[in-house]
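Since the structure comes first, as structure tokens, the remarks are kept for the end.
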Amino acid sequence: MAIRNVVQIGNEILRKTSKPVREFDEKLWELLDDMRETMVKNDGCGLAAVQVGILKRIVVLDVNHMKMELINPVIIDAFGEQIEREGCLSCKGQNGYVKRPKEVTVKAQDRYGNEFILTGVDLLARAVSHELDHLDGVLFVDKVIEDYKVNKGKGKK
Ligand code: CO
């Protein structure tokens, strides 16, 4: 396993649309392992492949002491709303309040290609929404509620 560099805002790749994963092979598993290690090392609760420079629809999460891998994830249901402060490993030093669904249900594949469904509330719903945005080139700074602005300083990554 290896720690990979996290691409920072301003790099054009973060604005690109990631492509579906077709091969569930050792190369994918190595990327997933590296992404998890990189996320943990940077104290993040989520990371998308584009953030390590790979335009594939892959997300890793570390929420509520649970590590998850979502490949080709699609939101199939969303309910309610929450407004909380968030940040991003690709926007170091920035955070702001963003409105997200309170509950999200996502369909995805695991590292072997098996489909599963995951429902998350609160922080997990927020993290899933944030990471899935990355797959379509969207950053949280695009969605910060104007009144709150983007504050410099501490905040959840
Ligand atoms: Co992010």
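In each ligand, atom 1 is the first atom listed, and ligand 1 is the first ligand listed. Numbers here simply count residues along the sequence, with the first being 1.
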Item to complete: Please say whether more than 12 non-hydrogen atoms of neighbouring residues, nucleotides or ligands are located less than 6.0 Å from CG in N5.
Response: no

Those residues at least two apart in sequence (or on a different chain) that pass side chain to side chain contact (heavy atoms under 4.5 Å, CB included) with K107 are I76, E115, I117

Distance-only donor-acceptor hits, side chain of residues 16-31, under 3.5 Å, sequence neighbours excluded:
| unit_1 | atom_1 | unit_2 | atom_2 | d |
| --- | --- | --- | --- | --- |
| D25 | OD1 | K27 | N | 3.4 |
| D25 | OD1 | L28 | N | 3.2 |
| W29 | NE1 | R111 | O | 2.7 |

For the Co ion (ligand 1) the protein N, O or S atom count under 2.8 Å stands at 3

Would you say I75 ends up clustered with L123 if hydrophobic residues are merged whenever their side chains have heavy atoms under 4.5 Å apart, either directly or through other cluster members? yes

Residues at least two apart in sequence or cross-chain that pass side-chain hydrogen bond (donor to acceptor under 3.5 Å, both in side chains) with D136, listed by chain then number, are R57

Are the side chain of Q51 and the backbone of V6 linked by a donor-acceptor contact shorter than 3.5 Å?
no

